[in-house]
2 protein chains.
Amino acid sequence: MKFDDKVPIYYQIKEYLYHQIVTGTLQPGEKLPSVRQLAIDVTANVNTVQRALTEMLSEEIIESQRGKGNFVTTDVEGIKQLHNKLVKEQLTLVYQQLHALNLSDDEILSEMKSYMESRDGQHE
Amino acid sequence: MKFDDKVPIYYQIKEYLYHQIVTGTLQPGEKLPSVRQLAIDVTANVNTVQRALTEMLSEEIIESQRGKGNFVTTDVEGIKQLHNKLVKEQLTLVYQQLHALNLSDDEILSEMKSYMESRDGQHE
DNA sequence: TATAGTGTATTAGTTTACTAGTACACTATA
DNA sequence: TATAGTGTACTAGTAAACTAATACACTATA
């Protein structure tokens, strides 16, 4: 797994797992890979993976059963809220940044549209 | 200055100065505050500020004159390109993230619009 | 010329993220 | 019951970011 060296690895692992959960790649109640397997999957250390999981546990997005494994919460509503939260965080971030670059609301929207159009040709 | 503890301080200082330059708060050819003054302004260490400046020097956005100070480049075109680069980086980032959250192009735009509308009432 | 204000370089020490290895408690199962 | 697979805890060490202090070269100016 490629990491952005500007951001802690544990944090990127957390974001990676959050994406898997909110997009349904990991279903509610589903068992996560073991910490050891996850460490191999994302090419990081067990302790680094564990740190990501510990935060997710405290946020009640996953549940831990000693000796069995870690499981995605069955609280579907909580997962939805997480999804909304992640979307809003992204919107807030890009809005603040582009506003700081002196772009108006309309300019932000039109820049986004032209960016999307420029991507269309790329087939990716 | 408030720092996001997920990102290196020198990097945030660099972004801060980039914003000042592309928005015209710091004009082309204008002298930057001294490294010592900048360190006070942003509440960081001289060496940390210097690290940010060193990268900006290598990117030719500022120029250094020993004994005099650091100056914003007079290359207006280069500043424009930097502005475009920063905008595009933000668009790329938010697009990738929201796509990974299973939002379509249309949904991204409509979410952005409703986010902007929700901000309207806040007068900020 | 003396002094203050510049950028720059160097050394040292602290903190944090990360890695590495080990050990232990619990669970399922052959 | 023995074994393998879990989560979890702990200690130790490394690397990078950051801070701190100092020194030096250059420039402007009183």
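Just so it is clear: chains get the letters A, B, ... in the order the sequence lines come, proteins before strands, and each one is counted from 1. Because only heavy atoms are used, hydrogens play no part in the values below, and waters and symmetry mates are left out as well, while side chains stay in. Note that the structure is predicted; figures quoted are calculated from it, not measured.
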Query raised in the report: Which nucleotide sits closest to the side chain of B/N70: C/dT8, C/dA17, D/dT8?
Result: C/dT8
Report summary line: Of D/dT27, C/dT27, D/dA25, the nucleotide closest to the side chain of A/K68 is C/dT27
Atom pair distance, as rounded to whole Å: [atom1] in [X] and [atom2] in [N]:
X     : N      : atom1 : atom2 : result
B/Y10 : D/dT19 : OH    : P     : 13 Å
B/M56 : C/dG7  : CE    : C1'   : 15 Å
B/Q65 : C/dT6  : CD    : C1'   : 11 Å
B/F3  : D/dA17 : CZ    : P     : 15 Å
B/R66 : C/dT8  : CZ    : P     : 7 Å
A/F71 : D/dG7  : CZ    : C1'   : 11 Å
B/Q50 : D/dA23 : CD    : C1'   : 15 Å
A/R51 : C/dA20 : CZ    : P     : 17 Å

Query raised in the report: Does some side-chain heavy atom of A/E15 sit less than 4.5 Å from a side-chain heavy atom of A/Y11?
Result: yes
Query raised in the report: Heavy atoms, side chains only, cut-off 4.5 Å: are A/K88 and A/T92 in contact?
Result: yes
Query - Same apolar cluster (I L V M F W Y, side chains within < 4.5 Å links), B/L17/B/Y10 - result: no
Query raised in the report: With a cut-off of 6.0 Å (strictly less than), are more than 12 heavy atoms of other residues, nucleotides or ligands near CD of A/E60?
Result: no
Query - Residues forming a side-chain contact (heavy atoms from CB on, under 4.5 Å) with A/D4, sequence neighbours excluded - result: A/K6, A/V7, A/Q12
Query - Residues forming a side-chain contact (heavy atoms from CB on, under 4.5 Å) with A/F71, sequence neighbours excluded - result: A/K31, A/Q65, A/K68
Query raised in the report: Tell me, what's DNA chain D's dot-bracket, Watson-Crick or G-U with both distances under 3.5 Å, | for other-strand, [ ] crossing?
Result: ||||||||||||||||||||||||||||||
Report summary line: By side-chain hydrogen bond (donor to acceptor under 3.5 Å, both in side chains), A/S114 pairs with (sequence neighbours left out) none
Query raised in the report: Quick one, which residues of residues 28-47 of chain B touch DNA chain D with a heavy atom under 4.0 Å?
Result: B/R36, B/N45, B/N47
Name each donor-acceptor pair under 3.5 Å that joins a side chain in residues 45-53 of chain A to protein atoms two or more places apart or in another chain, with its distance.
residue, atom, partner, partner atom, Å
A/N45, OD1, A/N47, N, 2.8
A/N45, OD1, A/N47, ND2, 2.9

Query raised in the report: For D/dT8, does either OP1 or OP2 sit under 4.0 Å from a side-chain N or O belonging to A/S64?
Result: yes
Query - Donor-acceptor pair between B/N102 and A/H83 side chains, under 3.5 angstrom - result: no
**Report entry** A/L53 vs A/D5, nearer the 5' end of DNA chain D by closest nucleotide
**Finding:** A/L53
Requested in this report: Answer with base, sugar-phosphate or nothing: what part of the nucleic acid does B/T48 contact at a heavy-atom distance below 4.0 Å?
Outcome: base
